[in-house]
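Accompanying notes for the structure given below.
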Amino acid sequence: MKSALIIFLGAGIGGVIRHFFNVIVVGVTGVAFPWGIMTINVIGCTLMGVVAGWLTMRGGSSQDLRLFLTTGVLGGFTT
């Protein structure tokens with residue numbers, strides 16, 4: 001149950017960041033092409049690889065931190 005709450009909180013944060021980032025990108029580029037979605041997904045996937053790799057190489061990170069950052073924040077940001 002604790003892990004579900006950690007993911008829930010992270011996904012909420014990621015979703016809010018996604019919304020504001022999309023509003024900014026659409027305001028700059030317009031709506032003819034979904035640049036906001038594409039930009040968010042490229043940034044999110046890149047960050048997912050960097051964060052997951054960094055946490056793996058670091059070795060001592062907790063499962064809660066990994067769930068919060070990867071599944072929660074970045075999952076909410078890219079979904």
Side-chain angles (χ1 to χ4, degrees):
M1 188 63 176
K2 177 181 147 186
S3 61
L5 181 60
I6 289 169
I7 294 168
F8 173 77
L9 293 172
I13 292 168
V16 169
I17 294 169
R18 177 190 178 95
H19 170 71
F20 287 117
F21 192 86
N22 192 46
V23 167
I24 291 167
V25 172
V26 167
V28 172
T29 63
V31 294
F33 183 83
W35 288 109
I37 293 170
M38 189 167 109
T39 305
I40 287 166
N41 286 332
V42 168
I43 290 171
C45 291
T46 302
L47 284 174
M48 181 71 80
V50 169
V51 169
W54 179 71
L55 290 173
T56 300
M57 295 299 290
R58 193 170 150 223
S61 60
S62 70
Q63 179 69 11
D64 292 343
L65 178 62
R66 286 183 286 204
L67 284 173
F68 178 76
L69 291 177
T70 58
T71 307
V73 176
L74 291 173
F77 181 68
T78 58
T79 301

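For clarity, every value in this text was computed on a predicted model and none was experimentally measured. One is the number of the first residue; the rest follow in order along the sequence.
The minimum heavy-atom distance between Ile37 and Arg18, with the atom names listed, is CG1-NH2, 3.9 Å. Val26 and Val31 make their closest contact through CG1-CG1, 3.6 Å (heavy atoms, listed as atom of the first residue, atom of the second, distance).
Note that CD of Gln63 and CD1 of Ile6 are 9.0 Å apart. Values are rounded to the nearest 0.5 Å. From Thr70, atom OG1 reaches atom CG of Leu65 across 8.5 Å, with rounding to the nearest 0.5 Å. Interatomic distance, CG of Leu69 versus CD1 of Ile13, reported as 9.5 Å (0.5 Å rounding). Remark: Ile40 CD1 to Phe77 CZ distance equals 5.0 Å, nearest 0.5 Å. Taken from CG in Leu67 to CZ in Phe8, the straight-line distance is 15.5 Å, to the nearest 0.5 Å. The distance from the CZ atom of Arg66 to the CG atom of Asp64 is 9.5 Å, given to the nearest 0.5 Å.
For residues 11-39, the ring-ring contact (aromatic ring centres under 6.0 Å, His included) pairs, not counting sequence neighbours, are Phe33-Trp35.
By the rule that hydrophobic residues join a cluster once side-chain heavy atoms approach within less than 4.5 Å of another member, Leu74 and Trp54 end up as members of one cluster.
Remark: Thr79 pairs with no residue by the side-chain contact (heavy atoms from CB on, under 4.5 Å) rule, at least two apart or across chains.
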Tell me which donor-acceptor pairs under 3.5 Å the side chains of residues 43-53 have, and how far apart each pair is, sequence neighbours excluded?
residue : atom : partner : partner atom : Å
Thr46   : OG1  : Val42   : O            : 2.8

